[in-house]
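Working notes, beginning with the structure itself.
In this chain, numbering begins with 1 at the start of the sequence shown.
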Amino acid sequence: MFIPAKVKYRKQQRGRMKGKAMRGNRLAFGDFGLMALECGWITAKQIEAARVSITKFIKKGGKLWVRIFPDKPITKKPLETRMGRGKGAPEEWVVVIKPGRILYEMEGITEEQAREAMRLAAHKLPVVTKFIKRGEVL
């Protein structure tokens, strides 16, 4: 699963998700991609589940690039704990997604296969996504 090897600060604030993706919003490696259309958090488990579904579908046919990495720690307090006593311990890692961000890219397979693989991956993700092709005007 994806987790950072080292971070500067153990705990982060939640922040705000507004605006569109300024980086990672164009196809850089493959011919087909999966683009996010809304804001949200995607956990490391969800990234891995979508990746596994794509690789199982394409078998050994094409190449896949995962364009996102979870670098934001999410903390949780233990169950049945009273208020106060500080922030909870880091529980999981997420990536902040903004509209326009490319999540996955593929090449080496037909468009129909890529469309189906990305559809299977989109079911594993908590944000609305769109299939895109190279050369397509967004």
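Taking all atoms of both residues into account, the shortest heavy-atom contact from Gly100 to Ala21 is C-CB, 4.1 Å. Summarising the geometry of Met17 relative to Cys39, their closest heavy-atom pair is O-SG, 3.7 Å, with the distance given to 0.1 Å. Looking at every heavy atom in both residues, Thr129 comes nearest to Ala122 through OG1-CB, 3.2 Å.
A distance of 6.5 Å separates CE of Met83 from NZ of Lys77, quoted to the nearest 0.5 Å. Here Glu38 contributes atom CD and Lys98 contributes atom NZ; the two are 14.5 Å apart, rounded to the nearest 0.5 Å. Rounding to the nearest 0.5 Å gives a distance of 10.0 Å between OG of Ser53 and CD1 of Ile58. Rounding to the nearest 0.5 Å gives a distance of 10.5 Å between OG1 of Thr110 and CZ of Arg115. To the nearest 0.5 Å, atom CH2 of residue Trp93 and atom NZ of residue Lys72 are 10.5 Å apart. Between the CG atom in Leu103 and the CG atom in Leu125 there is a gap of 6.5 Å [rounded to 0.5 Å].
Both Phe57 and Val66 are part of a single hydrophobic cluster, where members link through side-chain heavy atoms under 4.5 Å apart. Ile54 and Phe69 fall within the same hydrophobic cluster, defined by Ile, Leu, Val, Met, Phe, Trp and Tyr side-chain heavy atoms under 4.5 Å apart, directly or through other members. Note: the hydrophobic cluster containing Leu64 does not contain Ile102 (ILVMFWY, side chain heavy atoms under 4.5 Å, direct or indirect links).
Using a 4.5 Å heavy-atom threshold, the side chains of Leu34 and Ile132 count as separate. Side-chain contact between Trp65 and Glu107 is present, with heavy atoms from C-beta onward closer than 4.5 Å. The shortest distance between side-chain heavy atoms of Ile47 and Phe2 falls below 4.5 Å. Within the 4.5 Å cutoff, no side-chain heavy atoms of Asp71 are placed close to those of Val7. Ile97 is not listed as a side-chain neighbour of Trp41, based on a closest heavy-atom distance of 4.5 Å or more. Taking 4.5 Å as the limit, every side-chain heavy atom of Arg101 sits out of range of all side-chain heavy atoms of Met35. Annotation: side chain of Lys124 is not in contact with side chain of Gln46 (no heavy-atom distance under 4.5 Å). By the 4.5 Å heavy-atom criterion applied to side chains, Thr81 and Leu79 are not counted as neighbours.
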Go through it in stages, so that I can follow the logic: the residues are Glu105 and Leu27, the test is side chain to side chain contact (heavy atoms under 4.5 Å, CB included), and I'd like the CA-CA distance, side-chain angles, deciding distance and then a yes or no.
CA-CA 7 Å; Glu105 289 188 34; Leu27 288 176; 3.7 Å; yes
One pair to check against side chain to side chain contact (heavy atoms under 4.5 Å, CB included): Met106 and Lys63. What are the steps and the verdict?
CA-CA 6 Å; Met106 298 174 68; Lys63 184 155 175 49; over 6 Å; no
Residues Arg119, Glu116; criterion salt bridge (Lys or Arg N to Asp or Glu O under 4.0 Å); working and verdict:
CA-CA 5 Å; Arg119 186 188 68 80; Glu116 180 61 19; 2.7 Å; yes
Test side chain to side chain contact (heavy atoms under 4.5 Å, CB included) on Ile74 and Glu91; report intermediate values, then the result.
CA-CA 6 Å; Ile74 299 302; Glu91 282 289 312; 5.8 Å; no
Using the side chain to side chain contact (heavy atoms under 4.5 Å, CB included) rule, take Glu111 and Phe131 through it: C-alpha gap first, then chi angles, then the decisive distance, then the call.
CA-CA 10 Å; Glu111 183 181 340; Phe131 178 81; 4.2 Å; yes
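Look at Glu92 and Lys76 and you find a salt bridge, because one of the NZ, NE, NH1 or NH2 atoms lies within 4.0 Å of a carboxylate O, short of that distance. With respect to the salt-bridge test (charged N to carboxylate O, under 4.0 angstrom), the residues Glu48 and Lys45 do not qualify.
Between the side chain of Gln12 and the backbone N or O of Pro73, no donor-acceptor pair lies under 3.5 Å. Of the possible donor and acceptor atoms, none in the side chain of Arg10 sits under 3.5 Å from a partner among the backbone N and O of Pro90.
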